[in-house]
Protein chains: 2
Amino acid sequence: MTTAEEPARRRGRRPAGEDTKTALLEAARAVFAESGYDGATVRTIAGRAGVDPAMVNHWFGGKEGLFAKAVLHVPFDLNEVVETVTAGGPDKLGENIVRTFLTRWDGAGGESFVALIRSVTTKPEAMQTLRTILVNRIFTDVVRTADSDRPELRAGLGATQMIGLGMARYVARIDPVASADIETLVAAVAPNLQRYLTGELDLPG
Amino acid sequence: MTTAEEPARRRGRRPAGEDTKTALLEAARAVFAESGYDGATVRTIAGRAGVDPAMVNHWFGGKEGLFAKAVLHVPFDLNEVVETVTAGGPDKLGENIVRTFLTRWDGAGGESFVALIRSVTTKPEAMQTLRTILVNRIFTDVVRTADSDRPELRAGLGATQMIGLGMARYVARIDPVASADIETLVAAVAPNLQRYLTGELDLPG
DNA sequence: GGATTAATTCACTATTCGTTGAATTCCTGA
DNA sequence: TCAGGAATTCAACGAATAGTGAATTAATCC
C-alpha cells in the first residue's frame with residue numbers, strides 16, 4: 001500500500017521539540033494548498049511531516065489551530081509590501097504589484113496564499129482573511145498613495161485582477177498563464193492593473 | 001432543533017416522479033454553491049429538497065452523479081454564447097463579454113457557475129470543467145474571431161479577468177464590486193478585457 | 001378492479017475523520 | 001546519577017458520512 005514505509009519512529013521523547021512544530025506547519029501549508037481545509041486530513045498532514053497525528057492536538061490544539069497558524073497567519077510584513085510596491089511612484093504601481101505578487105506567490109512562502117484560496121470554500125475565516133489582507137490592507141493603502149477618485153472601487157477592481165491571476169496560474173492552472181515566465185505576465189497584466197488604480201474609468205451616470 | 005419540521009411525508013409512491021428529480025437538482029445547485037462539493041452533504045441537499053437522501057442514489061447514482069448533472073452540466077448552449085458575444089464585431093468583445101457573463105451569473109440560472117467555482121477546490125473535475133468551458137470553448141473561440149496574435153495567451157488573460165471578477169463579486173463578495181450594478185462594472189472592466197483580446201500586449205523578448 | 005411496477009422511506013453498514021487519554025521513551029536539572 | 005517532566009506514539013471512541021437493501025405505498029396497465 002504505502003510505498004516504502006517511513007523508518008518506523010521509536011516512541012518517547014526525541015531531541016529538539018521545535019522540529020516537529022515546523023515540520024507540521026510546512027506539511028500543513030502544502031496539504032491545505034492541495035486539498036483545502038476540508039479535503040486536508042490531520043492524518044495526511046501528520047504523515048507527510050513524519051509525525052503522529054496526535055501532535056497536531058498537542059502543539060496546535062487541533063486542526064483549527066494548525067490552520068490558523070499555518071494559513072491564516074500572514075508570514076510577512078504587509079507594510080513592507082505596501083512600501084515596496086509604492087516605491088516607484090503611482091505610475092509604476094501596476095508593474096510593481098504584479099511583479100511583487102507573482103514573485104512571492106511563485107516562491108515557496110506564497111504556498112499559504114494558494115492554501116487560502118483553496119480553503120475559501122469551507123472556511124469563512126479564509127475568505128475573511130483574503131478580503132482583509134488583499135483588499136482592505138494592500139490595495140486600499142496602495143490606491144491611497146495614488147490619490148485617485150473612487151478609491152474603494154479601484155481597490156476592488158485591482159483585487160479582481162490579482163485574484164483572477166492567482167486563480168488561473170496556481171489553482172486552475174490555465175496554460176499558458178500557468179507556465180509563462182513572470183516578466184511576460186508583468187508586461188501583459190500590469191497596464192490593465194495600472195488603469196484600474198490610476199487610469200480613466202469612464203463610469204456611467 | 002430544526003425549525004418547524006416539514007409536514008412529514010408519507011411513504012410510498014407519490015404522483016409525478018419528475019418533481020423529485022428537479023427539486024434535487026435545484027437544491028443541489030444551491031447547496032453546492034454555498035458549501036462546495038465536500039462541504040455539501042447528501043442529507044442537506046435531500047433535506048432542502050424535502051425528500052429522502054436515498055433518492056440521490058436512486059435518481060443520480062450517488063453524490064457524484066448529482067454533482068455532474070447539477071453543476072458540471074452546462075445549462076445553456078455554448079455556441080449561442082459565443083455568437084451573442086461576437087455579434088458586435090471585435091471592438092465590442094470586451095463590453096459584450098462582461099455584460100453577458102455578469103447578466104447570466106447574476107441570474108438564478110448562473111448559480112451553477114458559483115457552485116462550479118466553489119467546487120474547484122475539492123473536485124478536480126470541476127476545475128477541468130472550468131478550464132474547458134471558460135477558456136477552451138468560450139475564450140478561444142472568441143479570440144479566434146478577432147484574429148489577434150498570441151491567441152492562447154490572450155484567451156488565458158481574458159479568463160483571469162473574468163474568473164477574478166466572478167470570485168470577487170460572488171465568492172469573496174468584495175465591496176463595492178459585489179454590490180455595483182452591471183453597467184458600472186461593464187464600463188470599468190470592459191476596456192481591460194478588450195486590451196487582453198485585441199489590444200497591444202507589448203511582450204518582452 | 002386486481003396485478004404489476006415505480007417511487008419513496010427506513011434502518012442499517014462500512015468507512016473515515018478529529019480527538020482523547022494512557023503508555024512509553026528520552027532529555028534535563030539538581 | 002536519578003527523579004521528574006516533556007515529547008511522542010498507540011489504541012480507541014464518538015460523530016458524521018455516503019451508500020445499500022428491504023419494506024411500503026400509490027399510480028398504472030389490462
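Keep in mind that the numbers below use all heavy atoms, side chains included, and drop hydrogens, waters and symmetry copies. Order of the sequence lines sets the chain letters (A, B, ...), proteins ahead of strands, with each chain counted from 1.
- No salt bridge links Arg131(B) with Asp175(A); every basic N to acidic carboxylate O contact stays at or beyond 4.0 Å.
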Just the atom pairs and distances: protein N or O near nucleotides 17-21 of chain C's N or O, under 3.5 Å.
| residue | atom | partner | partner atom | Å |
| --- | --- | --- | --- | --- |
| dG18(C) | OP1 | Ala40(A) | O | 3.4 |
| dG18(C) | OP1 | Val42(A) | N | 3.4 |
| dG18(C) | OP1 | Lys63(A) | NZ | 2.9 |
| dG18(C) | OP2 | Val42(A) | N | 2.9 |
| dG18(C) | N7 | Arg43(A) | NH1 | 2.5 |
| dG18(C) | O6 | Arg43(A) | NH2 | 3.1 |
| dT19(C) | OP2 | Lys63(A) | N | 2.9 |

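- Every residue meeting the side-chain contact (heavy atoms from CB on, under 4.5 Å) condition with Arg195(B), not counting sequence neighbours, appears here in chain and number order: Pro191(A), Asn192(A), Leu201(B).
- Taking atom CZ on Phe67(B) and atom P on dT17(D), their separation rounds to 18 Å, with Å as the unit.
- Defined by atom type and a distance below 3.5 Å, a donor-acceptor pair is present between the side-chain atoms of Thr198(A) and Gln194(A).
- One atom, NZ of Lys21(B), and another, P of dT8(C), lie 11 Å apart when rounded to the nearest Å.
- By the 6.0 Å and 45° rule, Lys63(B) does not stack over the aromatic ring of Phe32(B).
- Between the P atom of dT9(D) and the NE2 atom of His58(A) lies a distance of 11 Å, rounded to the nearest Å.
- Between Trp59(A) and dA7(D) there is no side-chain N or O to OP1 or OP2 distance below 4.0 Å.
- Atom pair Phe60(A):CZ and dT8(D):C1' shows a separation of 15 Å (rounding to whole Å applied).
- Between Ile45(B) atom CD1 and dG19(D) atom C1' there is a gap of 14 Å when expressed in whole angstrom units.
- Atoms CG and CZ, from Leu25(B) and Arg29(B) in turn, are 5.5 Å apart once rounded to the nearest 0.5 Å.
- Screening Leu24(A), Val42(A), Leu66(A) for a side chain to side chain contact (heavy atoms under 4.5 Å, CB included) involving Met55(A) leaves a single residue, Leu24(A).
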